[in-house]
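Data block below; observations after.
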Amino acid sequence: MTYLLQQTLNALQLGSIYALIALGYTMVYGILTMINFAHGDFFMVGAFVCFVVVTFLDLPFLPALLLSMAGVTVLGVMVERVAYKPLRQAPRVSAIITALGVGIFLENFTLALNPYPKHIPPLIANTSWTFGGITISSLQCTIIILSIVLMVLLDFLVQRTKVGMAMRAISWDKAVVPLMGVPVNFVISITFAVGSGLGGAAGMMYGMAYPVIDPYMGIMVGWKAFISAVVGGIGNVRGAMIGGYILGVLEIMVAAFLPSTYRDFVAFSLLIVLLIFRPYGIFGKPRPQKV
Amino acid sequence: MKMKLWIYTCIVVSLIFVSGCQKGGDDTIKVGLIAELTGDIPAVGASCKNAAEMAVKEINESGGIDVGGKKYKVQLFVEDSASKPDQAASAAQKLITQQNVLAIIGPNSTSNALPASEIAESSKVVLISPWSTNPKTTLDAKGGAPKQFVFRACFIDPFQGGVVAKFARESLKAKKAAVLYDVASDYNKGIAEFFKKTFEEKGGQVTAFETYTTNDKDFSAQLTKIKSTGPDIIFLPNYYNEVPLQVQQAHRLGIKSIFIGSDSWGSQDLTKLCGKDCDGYYFSTHYSAESASPAAKKFIQAYTSGYGNTPDDVAALTYDSFGLFRQALSGLAKPDRQSLRDGLTKIAEYKGVTGDMRFQPGSGDPVKGAVIMQIKDGKFAWFTDAKP
């Protein structure tokens with residue numbers, strides 16, 4: 001029993017990170033119906049920004065978190081302006097290929113700066129508490145709580161604010177909403193900024209939990225977060241959070257009870273099975289098609 | 001007008017390429033180097049390249065290698081394998097067909113050395129891997145017979161896995177051991193199995209034999225499983241960029257066992273990435289800068305003054321690979337691929353930086369010893385020797 005609880009805790013940590021990244025995929029898809037495959041690399045940049053500010057500026061936890069988020073936010077908005085905006089009227093596949101290209105550019109740019117894996121020094125005092133055989137570390141608590149706080153804030157932004165309403169409206173109908181006087185470009189920029197910012201926060205938390213970072217770290221994690229977003233129903237914010245936790249639990253339990261080689265196999269099988277039986281995800285709704 | 005300019009540019013550029021190919025006259029020997037300069041283990045590639053350039057410079061400054069009464073200078077061609085098997089293979093292909101090298105030194109990691117050695121073997125070009133310890137590197141993929149043209153400067157995993165298991169049983173008095181290894185990499189998988197075999201033969205018990213795949217970052221599930229079996233030691237035969245993650249996550253889960261590792265720990269990057277978490281742990285490796293012979297001390301001094309850090313095992317083994325190459329060549333009548341191969345098998349004894357070695361009859365694997373190191377305050381300290 002304690003073994004199972006310990007594994008659940010491990011799953012919560014991993015799931016929180018997947019959920020945070022999945023939010024970036026889901027928000028961009030919701031508003032632009034485009035999958036930003038560079039998002040995993042935004043996440044990687046977040047970890048590197050954290051490494052730079054912590055190592056060279058010697059900043060503590062909170063400023064480092066804010067700077068990582070800000071750095072990736074700026075990057076996200078810039079990439080949207082330079083790479084995606086000119087393609088807004090183009091076929092959707094062009095935008096997806098561009099996103100893949102942006103991702104490869106970011107990886108190789110980081111690689112060209114310095115190919116060595118980097119170590120993020122510990123930002124919070126590493127203490128572990130043991131309750132009846134279950135060990136919880138301060139880091140694990142921080143990651144889980146911070147992710148949940150960020151997700152609650154996002155949910156508030158989307159459901160309760162004017163910008164959130166505009167986001168939901170644009171995702172519903174991109175053609176009519178501008179006629180109501182909604183500044184579409186501004187709302188899209190905000191969406192990118194928020195999605196990327198969450199990716200940056202996830203990058204930093206991942207860098208703290210798994211402190212050896214390298215330019216390719218975003219690829220696999222990005223795919224896993226993408227699966228989370230699809231599982232939850234891509235375009236649906238709450239679905240992405242649930243999807244992240246589902247994948248986290250699934251992966252940890254596979255590694256705990258089956259050979260760990262099955263881990264990625266099970267994750268990708270989940271994607272395939274879902275696409276066959278419920279292509280719009282657990283919480284997604286099928287979009288009305290105009291004929 | 002613009003068109004003309006383009007044509008001239010093209011002609012000039014192609015002339016440069018053509019003349020580039022013909023550079024190096026009759027009195028130079030071309031040697032290829034394949035190193036992991038980018039990718040997962042760039043520290044290994046950097047050490048290998050540094051040591052190779054140093055070795056070549058030394059040979060050329062001493063006037064070159066005397067082959068059949070004529071002095072030959074060495075020209076080095078460096079290729080990056082990016083730590084990817086396919087790129088290692090194409091690097092070997094390029095060195096052999098385009099640069100027409102006499103021999104190839106490298107690649108270092110087994111996953112890269114395997115495909116590169118297949119190509120070298122089929123093209124009948126000598127390949128010396130400094131650091132690949134998996135037995136398969138020098139064995140034929142189909143029949144299992146020794147390859148004719150593939151050699152290495154390091155010991156092999158059955159020996160190393162045995163040394164570590166024996167050390168854990170006898171010196172650390174461990175009864176229960178757990179293993180966590182990368183199942184997708186030939187090196188990690190091989191050594192984990194050899195460790196398990198010897199540890200059980202010596203009366204120990206392997207309580208958990210857990211796996212992961214390359215680039216995994218989260219080991220919490222496997223480590224939780226390992227923790228529940230309560231091992232005395234945990235063997236991590238994994239690369240220096242992954243071991244810190246595993247050790248730190250284990251500590252966060254409250255695991256207090258002793259960690260031991262293999263020669264893939266031997267980069268100073270390990271302690272940079274691991275910090276205090278790795279202090280007090282042991283690993284087996286090829287040589288120790290502290291217990292080195294006078295000849296080795298000279299190498300260590302030269303390397304340290306040239307590159308600003310103590311040479312790790314990859315640097316020392318690369319240097320020894322060039323030493324083997326040089327010693328094999330100097331007894332020959334002419335520098336061709338077949339006679340170089342014969343020359344290597346005939347080396348009676350080579351006194352290298354990483355110890356004395358000779359090749360086993362009919363095999364490219366040398367007979368040599370290992371050392372066990374302990375990590376103390378972020379430094380590698382000699383702990384004990386292990387003879388074959």
Side-chain angles (χ1 to χ4, degrees), chain A residues 2-11 13-14 17-18 108 111-112 114-122 126-130 133-140 206-207 209-217 219-221 224 248 251-265, chain B residues 36-46 80 82-84 180-184 189 209-229 239-256 267 269-277:
Chain A
T2 53
Y3 176 67
L4 205 65
L5 278 173
Q6 181 76 60
Q7 294 288 21
T8 312
L9 211 64
N10 295 340
Q13 179 189 328
L14 191 64
I17 292 168
Y18 283 162
N108 287 287
L111 190 73
N114 193 327
Y116 294 90
K118 294 277 171 269
H119 173 65
I120 296 187
N126 185 17
T127 34
S128 305
W129 303 284
T130 309
I134 305 165
T135 312
I136 307 174
S137 67
S138 49
L139 187 71
Q140 224 163 11
Y206 194 83
Y210 314 109
V212 177
I213 60 171
D214 63 84
Y216 295 120
M217 65 188 275
I219 302 175
M220 207 44 172
V221 180
K224 297 285 172 62
E251 279 202 9
I252 292 288
M253 292 308 164
V254 166
F257 295 104
L258 296 170
S260 71
T261 359
Y262 291 5
R263 197 159 162 162
D264 294 352
F265 163 70
Chain B
E36 295 78 353
L37 297 176
T38 57
D40 293 335
I41 45 171
V44 166
D80 178 17
S83 202
K84 290 180 190 139
L180 174 66
Y181 68 97
D182 180 355
V183 74
K189 190 164 171 274
F209 201 61
E210 290 298 312
T211 59
Y212 65 94
T213 13
T214 321
N215 290 332
D216 275 4
K217 294 280 162 84
D218 184 290
F219 309 98
S220 54
Q222 291 95 322
L223 288 168
T224 304
K225 212 158 143 189
I226 286 176
K227 190 189 173 191
S228 67
T229 68
Y239 286 112
Y240 65 86
N241 58 337
E242 286 169 336
V243 171
L245 283 176
Q246 292 155 355
V247 172
Q248 283 165 351
Q249 283 178 42
H251 284 173
R252 246 181 267 137
L253 285 167
I255 293 178
K256 299 207 166 55
S267 166
D269 265 25
L270 177 88
T271 50
K272 271 188 221 154
L273 297 172
C274 201
K276 281 202 181 70
D277 280 292

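Here the structure is a predicted model, which means the values were calculated and not measured.
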With chain B as the partner, which of A256(A), P121(A), P259(A) has the greatest number of non-hydrogen pairs under 4.5 Å? A256(A)
Between Y3(A) and K227(B), does a side-chain contact (heavy atoms from CB on, under 4.5 Å) hold up when you go through it step by step? CA-CA 9 Å; Y3(A) 176 67; K227(B) 190 189 173 191; over 6 Å; no
Taking atom NZ of K217(B) and atom CE of M217(A), what is their separation to the nearest 0.5 Å? 5.5 Å
Counting distance only, does the side-chain N/O of R263(A) pair as donor-acceptor with the main-chain N or O of T213(B) below 3.5 Å? no
Please state whether the side chain, the backbone, both or neither of I219(A) comes within less than 4.5 Å of a heavy atom of chain B. neither
Nearest 0.5 Å, please: how far is OH in Y116(A) from NZ in K272(B)? 8.0 Å
Can you tell me which of T2(A), L139(A), I134(A) forms the most heavy-atom pairs within a distance under 4.5 Å of chain B? L139(A)
Among D269(B), T38(B), D218(B), who wins on heavy-atom pairs under 4.5 Å with chain A? D218(B)
Just verifying a value: how many Å separate I213(A) CD1 and L273(B) CG, rounded to the nearest 0.5 Å? 10.0 Å
Note: V212(A) and P244(B) closest approach over all heavy atoms is CG2-CB, 4.2 Å
When rounded to the nearest 0.5 angstrom, what is the spacing between OG in S220(B) and OH in Y210(A)? 5.5 Å
Interchain contact, N241(B) with chain A, by part (heavy-atom threshold 4.5 Å): both
Options G45(B), G275(B), A221(B), ranked by heavy-atom pairs under 4.5 Å with chain A, top entry: A221(B)
Do Q248(B) and H119(A) have side-chain heavy atoms sitting under 4.5 Å apart? yes
With a 4.5 angstrom heavy-atom cut-off, is it the side chain or the backbone of S128(A) that approaches chain B, or both, or neither? side chain
Is the CZ atom of F257(A) crowded by more than 12 outside heavy atoms at less than 6.0 Å? yes
Would you check if N10(A) and T224(B) make a side-chain contact, meaning some heavy-atom pair closer than 4.5 Å? yes
Hey, are the side chains of L253(B) and Q6(A) touching, using non-hydrogen atoms and a 4.5 Å cut-off? yes
What is the distance from atom CG of D214(A) to atom CD1 of I41(B), rounded to the nearest 0.5 Å? 12.5 Å
Smallest separation among heavy atoms of A255(A) and Q222(B), with atom names: CB-OE1, 4.1 Å
Distance (rounded to the nearest 0.5 Å) between T135(A) OG1 and R252(B) CZ: 12.5 Å
